[in-house]
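Reviewing the structure listed below.
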2 protein chains.
Amino acid sequence: MPRPRQPRLTRQLIVETATAVIDAEGLPALSTRRLAAELGVRGPSLYNHFATKDEILDAVADTVTGAVDTSGFASRDWAAALRDWAWSYRRALTAHPNIVPYLAQGPGRRPAALAMADAVYGGLVRAGWPPARATHIGAALRYFVAGSALGSFARGFVEDPELYAAHYPHLRQAHRLAEHQQSVDEGAFALGLDALLHGLVAEYARTVDPVESARPSG
Amino acid sequence: MPRPRQPRLTRQLIVETATAVIDAEGLPALSTRRLAAELGVRGPSLYNHFATKDEILDAVADTVTGAVDTSGFASRDWAAALRDWAWSYRRALTAHPNIVPYLAQGPGRRPAALAMADAVYGGLVRAGWPPARATHIGAALRYFVAGSALGSFARGFVEDPELYAAHYPHLRQAHRLAEHQQSVDEGAFALGLDALLHGLVAEYARTVDPVESARPSG
DNA sequence: GTCTATATATAGATAGAC
DNA sequence: GTCTATCTATATATAGAC
């Protein structure tokens, strides 16, 4: 009973469906058979559109990264651009947390990841940061965003509070916050990002543009 | 030809060997057969010491986290304690980067991870941080450390610089730094951690201990 | 371009002998 | 406590018919 006039496979449809499976059940759950079944075809059909499973994963990864907005770096305000980029980056990754370990294997040859790195680095250098410093700043923010998307603090705590109370007294309250996992994660990200940018602005004033910064007070 | 008097299996030996395999070849490379072969036994023998493969992975994860030093929180200087903890945490994770995605699945029931969270949270609250704030700070630093261990900025760049030059002009210089991957990663971590702590100290002065901080200047 | 059939490999885990 | 033998399952990928 071949399905008579169903939508045929396309690369985009395969990528979208693969993303959905990964989001719902994790990276190890994505097999070619599972993906094909989800699309209403058999496993081998996928190989008419992708040479290997890794090509599919790369396409998923590139699509996720492609959703990140780096347009802020077109302006002059590098700190605002970093903040907007970091939040956009975080939104893109937290929408698909299960793919993050794969993403972190490196930008590799994925166009979107390379374009993102290029935009951030270029924007910081244009703002006056020394090249080596620009690399460090981009990497530091990438670490923070990737780490925040990778695993929440709350995730993984078991249900019974009393189970912890005896051995880890300070966690009694902390664990209660696990009920509000998402708000904890977002609050921690907001706090960390603000602190990071605060420190970077201070260093910029000290090392990159001391004249401009010193003008008001001395 | 059974091995006559070889060292028999112990939980510790299994965990150490599993860690070595994961370090060398990645998390997916660790199968029960592979691990057993490395130990000079057959697969089923492992089940005399662990009920499941996941139990072995949990033991590996717990050992990695157990190497983190949180003794700094015994003192009063919370910022110095955070810095020491973050560096110790980073050293523990970067020594075994391939296990990080597994670690990030949550503290779960692993004693070392829970003890670490307890020490950090307790130290910050004792220093005067509000409980919710202490949770956010611990999480933010955990994100940063985990992200930095997960994937370096440099990792994954291909060898030929010219391959990037045409399409991503700003990356020509950045990619050269990939040759010094380790120093880039460490520099980015140092910069990010300093910036984070700088921002936190400023907030502490503003919100937790304004009297003490305001004394000199008003 | 999708299909059936299959090659090849590998996984985690158990039963029961020694 | 380790072994052989095996169960069950699942994987990626290819050949060749339609």
Side-chain angles (χ1 to χ4, degrees), chain A residues 1-62 98-99 101-102 105 108-110, chain B residues 1-62 98-99 101-102 105 108-110:
Chain A
M1 196 189 285
R3 324 169 76 253
R5 198 152 292 271
Q6 287 303 100
R8 299 224 290 350
L9 292 180
T10 63
R11 286 177 65 98
Q12 189 190 345
L13 187 58
I14 292 171
V15 169
E16 286 170 359
T17 308
T19 306
V21 171
I22 293 169
D23 288 346
E25 304 176 32
L27 201 52
L30 187 81
S31 67
T32 52
R33 280 178 166 83
R34 174 87 175 74
L35 175 54
E38 206 74 30
L39 287 158
V41 299
R42 306 304 189 109
S45 301
L46 298 171
Y47 292 89
N48 291 312
H49 304 269
F50 291 93
T52 66
K53 184 190 170 181
D54 264 2
E55 271 194 13
I56 300 176
L57 285 174
D58 278 340
V60 170
D62 203 55
N98 293 333
I99 195 74
Y102 188 85
Q105 285 174 2
R109 295 154 184 81
R110 293 192 295 272
Chain B
M1 195 188 284
R3 323 167 80 251
R5 200 151 292 270
Q6 287 302 100
R8 299 223 292 348
L9 293 181
T10 63
R11 285 178 66 97
Q12 189 189 345
L13 187 56
I14 292 171
V15 168
E16 285 170 1
T17 308
T19 305
V21 171
I22 292 170
D23 288 346
E25 305 177 32
L27 201 54
L30 187 81
S31 66
T32 53
R33 280 176 167 84
R34 174 88 175 76
L35 175 55
E38 207 73 30
L39 287 159
V41 299
R42 306 305 188 110
S45 301
L46 299 170
Y47 291 90
N48 291 311
H49 304 267
F50 291 93
T52 66
K53 184 188 170 185
D54 263 3
E55 270 193 14
I56 300 177
L57 285 175
D58 279 340
V60 171
D62 203 55
N98 293 333
I99 195 74
Y102 189 85
Q105 285 174 6
R109 296 153 183 80
R110 294 193 293 273

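Model, not experiment: these values are computed from the prediction.
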Closest to the 5' end of DNA chain C, once His49(A) and Pro44(A) are matched to their nearest nucleotides, is His49(A)

Whole-Å distance, Ile56(B) CD1 to dA13(C) P, equals 8 Å

Between Gly43(A) and Pro28(A), whichever has its closest DNA chain D nucleotide further toward 5' is Pro28(A)

Item to complete: Check the surroundings of atom CD in Glu25(A): do more than 12 heavy atoms from other residues, nucleotides or ligands lie under 6.0 Å from it?
Response: yes

Rounded to whole Å, CG of Leu57(B) lies from P of dA13(C) at a distance of 10 Å

Paired with Arg110(B), the salt bridge (charged side-chain N to carboxylate O under 4.0 Å, His left out) test is passed by just one of Asp58(B), Asp54(B), Asp62(B), namely Asp58(B)

Glu55(A) atom CD is separated from dT12(D) atom P, nearest whole Å, by 14 Å

Here the distance between atom C1' of dA11(D) and atom CG of Asp54(A), to the nearest Å, is 13 Å

Whole-Å distance, Leu30(A) CG to dT10(D) P, equals 15 Å

Rounded to whole Å, the CZ-P distance (Arg42(A) to dA15(D)) equals 20 Å

Worksheet entry | Heavy-atom side-chain proximity of Leu30(B) to Leu57(B) below 4.5 angstrom | yes

- Task: Report yes or no: does Arg11(B) contribute a side-chain atom to a donor-acceptor pair with the main-chain N or O of His49(B) at less than 3.5 Å?
- Result: yes

Inter-nucleotide C1' distance (dT10(C), dT6(D)), Å rounded: 15 Å

From CZ of Arg34(B) across to C1' of dA11(C) the rounded distance in Å is 15 Å

When you look at CD of Glu16(B), are more than 12 heavy atoms from neighbouring residues, nucleotides or ligands closer to it than 6.0 Å? yes

From CG of Leu35(A) across to P of dT2(C) the rounded distance in Å is 12 Å

Is the phosphate of dC3(D), meaning OP1 or OP2, less than 4.0 Å from a side-chain N or O of Ser45(B)?
yes

Of the listed dG1(D), dC3(D), dG1(C), the closest approach to the Val41(B) side chain comes from dC3(D)

**Message:** For a quick test of reading the model: is some side-chain N or O of Arg33(A) closer than 4.0 Å to OP1 or OP2 of dT10(D)?
**Reply:** no

